Amino acid sequence: MLKKILYTFPLMLLICPSVWAAPLEENSRNLQGQVTSVSELSDVQPTDWAFQALQSLVERYGCIAGYPDSTYRGNRALSRYEFAAGLNTCMNRIAELLATSTGELVSKEDLAMLQKLQTEFTAELTTLRGRVDVLEARTATLEAQQFSTTTKLNAQIITAISDTFGGSVGGNGDRSEVYFADRGRLNFESSFTGKDLLRVRLEFGNFLNSNGTSQIASVTGTGMTRLNFDTNSNNTVSIPHVRYYFPVSDSVSFVVGPTGIGYTDITETVTPPSIADDGNGVPSLFGQYNPIFRRGGGGAAVNWKFTEDLTLTLGYLANNPNVSSDKNGLFNGGYNALAHLMYYGKQGALGVAYSHGYNPSGTTSVIGGTGSALANSPFGNNIATSNNIVGAQGYYRFSPNFQIHAWGGYIWANAKNSGFSDISNGTGGTDSLFVRSGDNANAWYGAIGLSFPDVGGKGNLPGVLFGLPPRVSSSDVRKDSDRSYHIEAFYRWRLNDNISVTPGFWVILNPENNSRNDTQYVGVIRTTFDF
């Protein structure tokens with residue numbers, strides 16, 4: 001019997017997870033419990049040459065374990081340490097049998113041979129015990145000295161090659177050149193209770209000019225050519241975002257943050273998965289999601305889940321909550337407040353949002369840079385402006401490979417003081433016009449998109465989008481003369497779980513909502529690294 005054990009030991013399963021040598025940690029996690037019958041091992045057949053030996057070890061000595069997938073993997077290589085560990089386990093099992101008066105199961109010849117083998121492998125067993133002690137000491141040290149028991153890092157690095165074609169707004173001919181830029185975000189995410197989440201972000205990039213303006217917008221004369229990830233400048237690392245999420249019950253949770261908190265950090269954009277992702281969705285700034293969500297600063301929000309399908313978000317974000325000077329701070333400066341009701345069904349979702357905001361003079365950006373210059377500052381940048389926006393957004397999945405999404409909104413803007421202000425004329429210049437306190441301007445916008453998940457390969461995402469960028473349709477001061485049209489197509493090609501490449505292209509007819517401007521064409525090849 002013992003000879004049969006020794007002959008089949010090189011094919012024995014990993015016998016005892018508590019005494020494995022190399023690789024100790026991996027094997028101890030991968031083993032399952034004691035096998036009580038050789039039939040439990042799916043890859044061991046009665047025709048196998050070692051079947052009887054394995055059966056005897058299981059039934060007589062009970063010292064065989066299996067992998068979680070119920071396999072034995074008898075053909076894998078066996079190290080001397082593993083042999084010693086397995087032998088020691090069977091010897092301990094025999095000792096247990098003897099101690100419980102079941103010694104008749106073990107012959108004297110087997111016992112004598114095992115004792116001889118124990119003596120022969122004393123050095124290996126001693127070394128094994130030493131290695132286990134060292135590993136336990138190292139594990140204790142790592143647990144005591146590691147950076148954090150609760151923090152993990154996830155990151156996204158985006159690089160893009162892009163160019164535009166067509167005469168610039170207010171310029172002569174095509175002034176843009178092919179450019180290559182990057183943006184990186186490193187998120188340190190910590191949880192203290194298992195349900196909360198603190199996120200601190202490091203960010204760098206070089207898409208902007210040294211004065212903080214968009215390079216491509218300054219060259220083309222319109223923000224309608226902007227990419228949705230063209231933020232930050234000079235590859236200087238900053239901490240633009242600190243956010244803490246915590247639930248107080250199964251239905252109520254809060255989000256707070258002193259800086260870099262946008263509407264997208266306190267609520268959902270109600271678009272299909274990954275469509276609104278900077279690195280894996282729609283490449284253009286306008287086409288990414290409803291412009292009503294392009295505002296933020298620092299503040300707090302509450303999410304109240306009425307049911308599993310129905311959630312209400314209420315939030316307040318100050319533009320400069322950290323600045324204590326006049327017309328700044330948490331409550332005495334620019335701010336935005338949001339109410340957003342969302343319904344999620346089996347095939348899609350729908351959201352209805354209302355946003356109220358105020359911008360002091362010099363800081364006006366009603367629609368987050370996604371429309372014409374006039375739509376963003378309908379009374380120019382010298383007039384304090386309040387705005388009210390009603391938006392709706394939703395999507396529906398017709399099948400796993402076809403979905404549709406859409407959004408739209410209407411804007412009411414009001415001048416809060418009087419005076420002369422430089423107001424965009426739609427062709428790259430401004431005119432000085434007099435604005436009266438109480439003057440009104442209205443704008444609207446919308447878009448619809450089709451996307452096809454996994455078409456062309458698993459993880460791929462082709463899509464098209466047609467939209468009407470924000471346009472001032474009526475005003476006491478000045479309105480846009482024409483209507484811009486945004487037509488976009490993209491194809492996200494998933495190379496693996498961590499890398500995707502997205503060629504994208506869009507056309508802007510009547511840029512800046514003015515038919516006198518040349519059509520703009522934007523092309524981009526975006527490469528995204530997620531880890």
Side-chain angles (χ1 to χ4, degrees), residues 169-170 211-213 217-218 221-224 263 291-292 294-299 316-339 354-391 409-445 469-484 512-514 516-517:
V169 174
N211 61 2
T213 61
S218 63
T222 175
M224 296 180 181
Y263 278 0
I292 192 176
R294 292 200 176 276
R295 54 208 64 241
Y316 174 88
L317 302 176
N319 292 356
N320 300 297
N322 60 311
V323 178
S324 60
S325 60
D326 186 38
K327 296 184 179 180
N328 282 288
L330 190 59
F331 300 111
N332 196 37
Y335 68 88
N336 291 282
L338 173 72
Y354 167 74
S355 175
H356 171 72
Y358 169 79
N359 293 98
S361 60
T363 64
T364 304
S365 180
V366 172
I367 206 65
T370 58
S372 65
L374 186 62
N376 277 277
S377 300
F379 309 114
N381 211 31
N382 296 326
I383 302 297
T385 305
S386 68
N387 63 82
N388 296 277
I389 309 175
V390 175
Y410 194 80
I411 304 165
W412 295 265
N414 299 96
K416 308 306 290 184
N417 63 283
S418 301
F420 282 96
S421 183
D422 294 331
I423 298 176
S424 172
N425 60 19
T427 57
T430 61
D431 296 322
S432 182
L433 302 177
F434 188 78
V435 180
R436 295 177 176 82
S437 179
D439 279 349
N440 297 314
N442 302 102
W444 61 279
Y445 60 87
R471 169 183 180 265
V472 177
S473 56
S474 63
S475 174
D476 294 330
V477 180
R478 169 174 282 174
K479 65 179 181 178
D480 282 316
S481 59
D482 296 296
R483 160 64 64 188
S484 295
E512 288 296 298
N513 292 312
N514 194 310
R516 289 187 291 174
N517 297 321

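All values below were derived from every heavy atom in this structure, side-chain atoms included, with hydrogens, water molecules and symmetry-related copies excluded. Since this is a predicted model, take the numbers as computed values, not measurements.
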Spacing of CG belonging to Asn336 relative to CG belonging to Asn387, to within rounding of 0.5 Å: 6.5 Å

According to the side-chain hydrogen bond (donor to acceptor under 3.5 Å, both in side chains) rule, which pairs have a member within residues 420-433, sequence neighbours left out? Asn425-Thr427, Asp431-Arg478

Parallel, tilted or perpendicular, judged at 30° and 60°: which one describes the rings of Trp412 and Tyr410? perpendicular

Here the gap from Phe379 atom CZ to Leu374 atom CG, rounded to the nearest 0.5 Å, amounts to 9.0 Å

Side chain to side chain contact (heavy atoms under 4.5 Å, CB included) with Ser377: which residues, sequence neighbours excluded? Thr364, Asn381

In a check of side chain to side chain contact (heavy atoms under 4.5 Å, CB included) between Val477 and each of Val472, Asp439, Ile383, which one passes? Asp439

Just by modelled atom types, is the Gly369 backbone N or O under 3.5 Å from a matching donor or acceptor in the Asn376 side chain? yes

In the structure I gave you, are the side-chain heavy atoms of Val435 and Ile423 within less than 4.5 Å of one another anywhere? yes

Ser372 side-chain N/O to Glu512 backbone N/O, donor-acceptor pair under 3.5 Å: no

With sequence neighbours excluded, residues passing side chain to side chain contact (heavy atoms under 4.5 Å, CB included) with Thr363: Asn359, Pro360

For the CZ atom on Arg483, are there more than 12 heavy atoms of other groups (residues, nucleotides or ligands in this structure) within a distance under 6.0 Å? yes

Answer yes or no: is there a donor N or O on one side and an acceptor on the other, between the side chain of Arg295 and the main chain of Val366, under 3.5 Å? yes

Under a 3.5 Å distance rule, please check whether Asn417 uses its side chain to pair with a backbone N or O of Ala384 as donor and acceptor. yes

Output all residues satisfying side chain to side chain contact (heavy atoms under 4.5 Å, CB included) with Asp482, sequence neighbours left out; order by chain, then residue number. Asn514, Ser515

Rounded to the nearest 0.5 Å, what separation is found between the CD1 atom of Ile367 and the CH2 atom of Trp444? 13.0 Å

Which pair of heavy atoms, one from Ser386 and one from Lys416, lies closest together, and at what distance? OG-CD, 3.6 Å

Which residues satisfy the side chain to side chain contact (heavy atoms under 4.5 Å, CB included) test with Ala318, sequence neighbours excluded? Tyr316, Pro321, Leu330

For the residue pair Asn442 and Ser474, confirm or rule out a side-chain donor-acceptor distance under 3.5 Å. yes

Atom pair CG/CG of Leu317 and Leu338 - distance to nearest 0.5 Å: 8.0 Å

Does a side chain donor of either Thr370 or Tyr445 reach within less than 3.5 Å of an acceptor in the other side chain? no

Are Tyr354 and Asn388 close enough that some pair of their side-chain heavy atoms sits under 4.5 Å apart? yes

Would the distance check show the side chain of Asn513 and the main-chain N or O of Ser484 forming a donor-acceptor pair, the cut-off being under 3.5 Å? yes

Residues in side-chain hydrogen bond (donor to acceptor under 3.5 Å, both in side chains) with Ser437, at least two apart? none

